[in-house]
Number of protein chains: 2
Amino acid sequence: MTKVTIRHVAEAAGVAVKTVSRVMNGEPNVTRDLQDRVMKAVDQLGYVPSMAARRMGGRRSYLLVALNDRQNTINNWRSGRGNDWIDQMLHGAMLTCEAHGYRMLFELVQAGSEDLDRKVVAILSALQPDGIILTPPHSQNLALVEMLTRRNVPVVRMGVPGKGVGFGVFMDDRAAAAEATRHLIDLGHQRIGFIAGSPRFEASRQRLDGYADALHQADIGMDEALIAPGDFTFESGVTAAEALLSRSDRPTAILASNDEMALATLHVASRLGIRVPDLSVISFDDTPGVRLSVPGLTSVRQPISEMAAKAAELLIGVSRTGETAPSDHLLPFGLEVRGSTTRVT
Amino acid sequence: MTKVTIRHVAEAAGVAVKTVSRVMNGEPNVTRDLQDRVMKAVDQLGYVPSMAARRMGGRRSYLLVALNDRQNTINNWRSGRGNDWIDQMLHGAMLTCEAHGYRMLFELVQAGSEDLDRKVVAILSALQPDGIILTPPHSQNLALVEMLTRRNVPVVRMGVPGKGVGFGVFMDDRAAAAEATRHLIDLGHQRIGFIAGSPRFEASRQRLDGYADALHQADIGMDEALIAPGDFTFESGVTAAEALLSRSDRPTAILASNDEMALATLHVASRLGIRVPDLSVISFDDTPGVRLSVPGLTSVRQPISEMAAKAAELLIGVSRTGETAPSDHLLPFGLEVRGSTTRVT
DNA sequence: CCATTGTTTGACAACGTTGTCAACGGTCGT
DNA sequence: ACGACCGTTGACAACGTTGTCAAACAATGG
């Protein structure tokens, strides 16, 4: 019932403390016989090593830290509430972490704050993680990435290419936007509107470019009037949708740069008496709510949990073996087709 | 650039290591003079104590663990994706934790699993947290709570009354259901349907009881035919809504036991050609997506972040001072009125 | 003025693990 | 048969902090 330490296991198995340590860490050069004796004692006593002591004795902390910003995200929900990322990341990285005895701890830090560096350094000092995962918009902060690299903390940047500065785990936003647009074209749409995202995020430009790519490839002229600015908020989506849908030559389909603005578009359309067969809407991020809208929203799924799994894998790999992996890891996106996109009538 | 330990601070300030420790922990019996010298050195060097070493040396780990179940929740989204709790809890507890140098780590454990006890014990052994926060349905698991208590780990149970077994931080589901129902009655509704939740959760019964309370209080007879079973999934909401809305004497308003089933109800209503003025819908949980539906869904907001803040406060209090607080902490809910509830025509 | 009590400070051990290094015994090559 | 080498095992220090205890000193009461 009381605490079980490595010493208890060593005594029970009749071996040295260090031997138990070796077995627990899967180190080579332990005979089968001792290995079995130790494992038996471990099972019997229910021994689990203390992370704190591991960190003290050795070089690893068995801890990964994910740096999130809850305010400045692409796909947060209206009025700052709710952000799907943390939940999905945790879920995605769980298996990988569990398999290697690692944990993942989330830290919320606002990207704009003046003392960001100080805060991050404090986190490093207190937690001494074996690696750190940056989510947008932190992952775009090159100064931050370099500071971490200087301190020898392995870094994964989510949502952007690594380009040699830390690991990058990301999807191809441009290709995704192109595929989404192509999906609309294949359904017979010719006038396709676009609601842009905040220029603060690289992904915004990528998505616009992909949209342009697909139009160009299909020999559809790009009409600047069909491109409306937005900043990922519901309100900006309303404004943009009103601008697009009140035109006499209004588009028959709209590609919104995130779900929130797409839902705003549905909202406006409904108010204007425009129903889905007459307007298709497609968007980015596939956040949980979109499948529950009426109609369900077709959306590009960003592989957040897969990215997190890959991120954990990379960091644990570096921490375990010291081996360095390639910098860039491109993961496939998914186009989740639902009721909001239909063949043009 | 290299690691700054307490020894460096002690040397810089010209005091003993233990004195620095005292200052860092706000212990009494340190003269003003030394305190200032130490703080100056701390600021100058950017010293932040290592959590691991703190855990090794002292009795505290400065770590709280939140035990979540991602599969079996009231307000998860369709097909198991997305759960608002973790994000909100983290956000809610952040300030409290930060102020006391604590961290919060989330662990995902499935409630049904046979080796739940083993898993939890492993978490305790590895992390040695100063307290543990259980979310539904774990918070209902009395055996689990007792096991933790036996091991002297302070426990907060979220979403249920503590009743002397650990702390309970919760809202009054029954009162909330009553208030929601009353809201409908005040709008002139007399025939009010109810979609129940899974009996696996205590909250389901509470909500039904509250519904009954309000009807009774308003002298509206309860029609058993207006109560449809559900299990918190979108599909069950569809079935329930179809049953309720296809009646010749269909209700003019429906209270659904969670958002997902409410959205399903809107879905079905739309399909049947019933629009909002003719049907009001209200629900529980106020998950992020509901404000984006068309129309926005009126919902009872569960104070998750406030509950998490309170939970952290309680656990940190016990860990710091050893003082024990009252067991039960009732937090107010909020009724978020949006477009889905209107005066009966 | 002394005994007593309380306040401030520091020396040192302890926490549970891993890194380092040395000792031991066996195998191989000559 | 001997030395060199390798695989296996263990003794011991180290990690950075807090708990314990004692020393030095100041304040208080008789």
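Note on naming: letters A, B, ... go to the chains in the order of the sequence lines (proteins, then strands), and numbering restarts at 1 for each one. All of these numbers come straight from a predicted model, not from anything done at the bench.
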Does any N or O in the side chain of A:Ser139 come within less than 3.5 Å of the main-chain N or O of A:Met158, such that one atom is a donor and the other an acceptor? yes
In whole angstrom, what separates B:Ile6's CD1 from D:dC15's P? 15 Å
Look at all strands and tell whether B:Arg60 reaches a base, only sugar-phosphate, or nothing, counting heavy atoms closer than 4.0 Å. nothing
Under 3.5 Å, which N/O atoms of the protein pair with N/O atoms of nucleotides 8-12 of chain D?
unit_1 : atom_1 : unit_2  : atom_2 : d
D:dT8  : OP2    : A:Asn29 : OD1    : 3.1
D:dT9  : OP1    : A:Thr31 : OG1    : 2.7
D:dT9  : OP2    : A:Thr31 : N      : 2.9
D:dT9  : OP2    : A:Thr31 : OG1    : 3.2
D:dG10 : OP2    : A:Ala16 : N      : 3.0
D:dG10 : OP2    : A:Thr19 : OG1    : 2.5
D:dG10 : N7     : A:Arg22 : NH2    : 2.6

I'd like to know if B:Asp36 and B:Arg32 make a salt bridge, using a cut-off of under 4.0 Å between side-chain N and carboxylate O. yes
Between the protein and nucleotides 24-27 of chain D, which nitrogen or oxygen pairs are less than 3.5 angstrom apart?
none

B:Asp69 side chain vs B:Ala111 backbone, donor-acceptor pair below 3.5 Å: yes
Contact between A:Leu331 and A:Phe170 at the side-chain level, heavy atoms closer than 4.5 Å - yes or no? no
Without decimals, in angstroms, what is the distance between A:Met24 CE and C:dT18 C1'? 13 Å
Heavy-atom contacts under 4.0 Å between residues 51-58 of chain A and DNA chain C, which residues? A:Ala53, A:Arg54, A:Met56, A:Gly57, A:Gly58
CG of A:Asp130 versus P of C:dT18: gap in Å, rounded? 13 Å
With a 4.5 Å limit on heavy-atom distance, are the side chains of B:Arg320 and B:His100 in contact? yes
Looking at B:Asp87 and A:Arg70, is any side-chain nitrogen of the basic one under 4.0 Å from a carboxylate oxygen of the acidic one? yes
Taking A:Asp130 for its side chain and A:Tyr62 for its backbone only, find out whether a donor-acceptor pair lies under 3.5 Å. yes
For atom OH of A:Tyr62 and atom P of C:dG16, their distance in whole Å: 18 Å
Using modelled atom types only, decide if a donor and an acceptor are shared between the side chain of A:Ser61 and the backbone of A:Gln128 within a distance under 3.5 Å. yes
For the helix from C:dC1-D:dG30 to C:dT30-D:dA1, what is the angle between the axes at its two ends, each from 5 pairs, rounded to 10°? 30°
Not counting sequence neighbours, which residues clear salt bridge (charged side-chain N to carboxylate O under 4.0 Å, His left out) with B:Arg54? List them please. none
Taking side chain as C-beta onward, heavy atoms only, is B:Phe167 less than 4.5 Å from B:Val155? no
Rounded to whole angstroms, how far apart are NZ on A:Lys3 and P on C:dA14? 15 Å
Euclidean distance, atom CZ of residue B:Arg7 to atom C1' of C:dG10 [Å, nearest integer]: 13 Å
OP1 or OP2 of C:dT18 versus the side-chain N and O atoms of A:Ser21: is any pair under 4.0 Å? yes
Would a 4.5 Å heavy-atom cut-off, applied to side chains only, mark A:Leu64 and A:Cys97 as touching? yes
Any chance the side chains of B:Tyr102 and B:Ser319 put a donor and an acceptor closer than 3.5 Å? yes
Examine C:dT8: is either OP1 or OP2 under 4.0 Å from a nitrogen or oxygen in the side chain of B:Arg32? Give yes or no. no
Run the salt-bridge test on B:Glu107 and B:Lys119 with the 4.0 Å N-O cut-off and return the result as yes or no. no
Atom-to-atom span, CG of B:Leu127 to P of C:dG16 - whole angstrom: 16 Å
Can you tell me how far P of D:dG16 sits from CG of B:Asn25, to the nearest Å? 17 Å
Can any side-chain N or O of A:Arg157 pair as donor or acceptor with the backbone N or O of A:Gly162 at less than 3.5 Å? yes
Listed in order of residue number, which residues of residues 37-49 of chain B have a non-hydrogen atom at under 4.0 Å from DNA chain D? B:Tyr47, B:Pro49
Set out, in order, the CA-CA distance, both residues' side-chain angles and the distance that settles side chain to side chain contact (heavy atoms under 4.5 Å, CB included) for A:Leu67 and A:Ile133, then state yes or no. CA-CA 6 Å; A:Leu67 215 64; A:Ile133 301 173; over 6 Å; no
Going by heavy atoms in the side chains, are B:Met147 and B:Arg151 under 4.5 Å from each other? yes
